[in-house]
Amino acid sequence: MMFTYYPGCSLHGTAREFGESLQGICKALEVELHELEDWNCCGASSGHALNEKLSIALAARNLIIAERDERDILVPCAACYHRMKVAHKTLQQGFDRTMGEHYSGRNHVVLAMDLFSDRDILARIAERVVKPLKDLRVVCYYGCLTVRPPDLTEVKDHEYPQHMERLMGQLGAEPLPWSYKTDCCGGGLSLSRPETTDRLIRTLYEGALEAGAEAFVVGCPLCQVNIEARQAEIVREMGKGFSLPAFYFTELIGLALAIKGAEGWLKRHMVDPIFLLRSKGLL
Amino acid sequence: MAQKKSQHEHVVVPDNAFAHRVRKKTGENVFQCYQCLKCSTGCPMAHAMDILPHQLIKEVQLGLREEVISSRTIWVCASCLTCSVRCPNKIDIARVMDGLRQMAHARKGRLGDELVPLFHETFLRSIRGRGRVYEIGMLMNYKFKTKQLFRDIGLGWRMFRKGKIRLLPSRVKKTKEIKDLFNKFRGV
C-alpha cells in the first residue's frame, strides 16, 4: 500500500506526536508514505471564512502537485481533509481557467482515521497486536470534520459513527458508549474566543467522566490540543482533581503493536498519559 | 433597503434582493427554510450568538442585510456543519455563514466581532509569507495585535516544554506560487 502523504502544518508543530506515531505504524503495517513535494497549508479554517476562492486555491495547489503521481493522498488532520475534499470536488466541477484545468481527480483523498479502520487493515492490525490494551477504558471522539458532511466523507452513520470503536476493540481496549462523539470542540475558535469554546470542552469532559472513561481517543490535531490544553482550567473550575488524556488513535495502535518510540510520542502530551498507561502495564 | 425607518421604527418590508445575492455567492436558497429550528437547537455555539441560526436565515429572507452582516453570529459559528447535515430541507447553513462572513469582511465596515476576524487575517498572512502556518509566530503576532500578550502564557510555556512549539518555521520552496495565489484571488 502506497500513499502520497500530506502532513499539514500542525503535524510539524503542536501535533508532532500524531505525525511521528502515524509514520511509526505505517512502517510496521507496510504502508509506504511519500511526503507531498513542496506542500502548502490548506488554509483551514481561516481561508474559507474570509475568501472562498483563495480557500479552494490553497488546497487545490496540493492536489494538483499530487496528480504528478498515481497515488491516493493520505491526510491525518480532519480540517485539512475537509478542505482537500472540498477543493477536490470543486476542481472536478471546474474551478478557474488558470488553475487545475487538467485536473483529473483520479487520486482519492483519504483520511488517516478511515484508512486505519478499514476492514483489510484492521485484519492486518489484528494479526500483529502483541500487547492488547487490556482494561483501557476509552471514549472515541470524532468531532466534526472526520464525519461531516457525509456527502464528502462517505460516513454513513455520521450522527453515531462506530469505526473508531471497532479499531479500539481490535486493539483490545474497551470503547465505551457515550453521546458526545460527534459534538464540536470549537476548532480554531479556541484561540480567538476560548471563553466560548471552553464550554464545549467541559461538556466533552463531563460526558467522558459519566461514561466511565480514562481517556479520549481522537483523530484530529485540533480536537486533541483543545481537549488537552483547555482541560486544566476546566478541571480547576469544577473542583475535580484530574484531567483525561486524549490519545491519537495512531499512538494506541503503536502501543498495541509494541512499536519502539511510543514513549517519545506520549511524552509530548499536555495531559500526561504515562501514569495511566504504566498502571495498566501498557508501558 | 428592506428597512423603512421614518415613522414606523420597526416596520420591515421584505426585500429578496439580499437573499438572491447570498444565493449567487453560496448556491444556497434560503427560501427553502420553513423555520423548524433544528439548526439552532443543535448548534454548539448558540450560547455565544446574538442571532440564532434560524433567525439569521429568516433575516436573510427578509433582506435585513445590515443586521446579518454586522452580527456576532457569523464569526462565532465554528463551521462544525451540524446544522448543514441536520437541515430537513437541505440548506447548507454553514455555507451561508461562510458567504456572509466573506461579505462582511469584504465591505470593510464594523464587524460583529473583532477577535475572530483578526485571527483569520493573521492566520492567512502567515500562510501568505511562508506557504505554511508557523504556529508560534502567528500566535505571537495575533496576541500582539489584540494586546493580549500574557493571556494563556502559562499554557504556551507548557506547550514549549512538551516540544510542541517549533522554533524555526517551515516553509514551501516556491513561496512565489503562494504569493501569486493570494494576489490572484485577492486574499488579505
Side-chain angles (χ1 to χ4, degrees), chain A residues 8-10 12-17 37-41 43 45-58 61 82 96 98-99 143-145 147-150 158-159 182-189 191-197 199-200 203 225 229-230 232-233 267-270, chain B residues 25-26 44-45 47-48 75-76 78-82 84-86 92 94 98-99 101-102 105-106 113 115-124 126-127 130-136 139 142 146 151-152 155 158-159 162-166 170 172-174 177-178 181-182 184-188:
Chain A
C9 305
S10 48
H12 277 207
T14 44
R16 267 173 79 176
E17 64 270 38
E37 172 75 25
D38 209 33
W39 59 269
N40 62 272
C41 171
S45 43
S46 295
H48 65 88
L50 300 191
N51 187 325
E52 188 70 30
K53 284 218 146 183
L54 180 69
S55 76
I56 302 291
L58 285 170
R61 179 177 175 271
H82 177 66
D96 187 85
T98 55
M99 196 179 191
C144 308
L145 301 175
V147 289
R148 283 190 292 271
H158 60 91
E159 288 275 7
T182 60
D183 277 21
C184 178
C185 74
L189 286 176
L191 292 164
S192 48
R193 284 286 178 201
E195 71 284 1
T196 64
T197 56
R199 190 167 159 152
L200 311 186
T203 307
V225 83
R230 311 291 328 171
E233 211 172 303
K267 271 186 189 153
R268 299 200 186 281
H269 281 248
M270 303 288 289
Chain B
K25 190 161 176 55
T26 64
M45 294 307 290
H47 66 273
W75 297 107
V76 295
S79 300
C80 74
L81 306 181
T82 307
S84 299
V85 303
R86 287 184 184 168
D92 186 345
D98 264 348
R101 277 189 278 253
Q102 293 160 12
H105 189 252
D113 190 275
L115 294 179
V116 181
L118 192 61
F119 176 80
H120 293 321
E121 282 170 19
T122 316
F123 189 96
L124 284 179
S126 179
I127 307 175
R130 298 186 182 82
R132 294 179 189 167
V133 170
Y134 174 44
E135 288 168 331
I136 185 65
L139 275 176
Y142 173 70
T146 54
R151 185 169 169 185
D152 292 333
L155 186 60
R158 279 191 291 140
M159 293 186 104
K162 295 285 183 177
K164 281 183 171 284
I165 291 176
R166 199 184 158 112
S170 152
V172 301
K173 286 184 217 123
K174 296 178 181 156
E177 284 187 17
I178 306 294
L181 289 182
F182 272 82
K184 184 172 159 66
F185 298 109
R186 285 184 221 105
V188 291

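Throughout, protein chains are lettered first and strands after them, A, B, ... in sequence-line order, and every chain is numbered starting at 1.
Considering only residues two or more places apart in sequence or on other chains, B/Ser170 meets the side-chain contact (heavy atoms from CB on, under 4.5 Å) condition with A/His12, B/Arg132, B/Arg166. A/Thr14 meets the side-chain hydrogen bond (donor to acceptor under 3.5 Å, both in side chains) test with B/Glu135; sequence neighbours excluded.
In this structure, chain A has a heavy atom under 4.5 Å from the side chain of B/Ile178, while its backbone stays farther away. For A/His269, the part lying under 4.5 angstrom from a heavy atom of chain B is the backbone only. For chain A, the nearby part of B/Lys184 is the side chain; its heavy atoms alone come within less than 4.5 Å. Proximity to chain B involves both the backbone and the side chain of A/Arg268, based on heavy atoms less than 4.5 angstrom apart. Neither the backbone nor the side chain of B/Tyr134 comes within contact range of chain A; no heavy atoms are under 4.5 Å apart. Only the side chain of A/Leu189 comes within contact range of chain B, judged by heavy atoms closer than 4.5 Å. Heavy atoms closer than 4.5 Å to chain A are found nowhere in B/Arg130, neither backbone nor side chain. Looking at B/Ile136, there are no atoms closer than 4.5 Å to chain A (heavy atoms on both sides), in backbone or side chain. There is no contact between A/Ser55 and chain B, counting heavy-atom distances below 4.5 Å.
Checked by atom type and distance alone, the side chain of A/Arg148 pairs as donor or acceptor with a backbone atom of B/Cys80 at under 3.5 Å. Counting only distance, with no hydrogens or angles, the side chain of B/Gln102 and the backbone of A/Ala49 share no donor-acceptor pair below 3.5 Å. Formation of a donor-acceptor pair under 3.5 Å by the A/Asp38 side chain with backbone atoms of B/Lys174 is found in this model. Listed for the A/Asn51 side chain is a donor-acceptor partner under 3.5 Å among the backbone atoms of B/Phe185. A/Arg193 contributes no side-chain N or O that, together with a main-chain N or O of B/Val116, makes up a donor-acceptor pair within less than 3.5 Å.
Under the 4.0 Å criterion applied to side-chain N and carboxylate O atoms, A/Glu159 and B/Arg86 are assigned as salt-bridge partners.
Atom OG1 of residue A/Thr182 and atom CG of residue B/Leu81 lie 11.5 Å apart, to the nearest 0.5 angstrom.
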Practice problem: Show the numbers, then the answer: is there a side-chain contact (heavy atoms from CB on, under 4.5 Å) between A/Ser192 and B/Trp75? | Solution: CA-CA 10 Å; A/Ser192 48; B/Trp75 297 107; over 6 Å; no
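Note: B/His47 leads B/His47, B/Lys173, B/Met159 in heavy-atom pairs under 4.5 Å with chain A.
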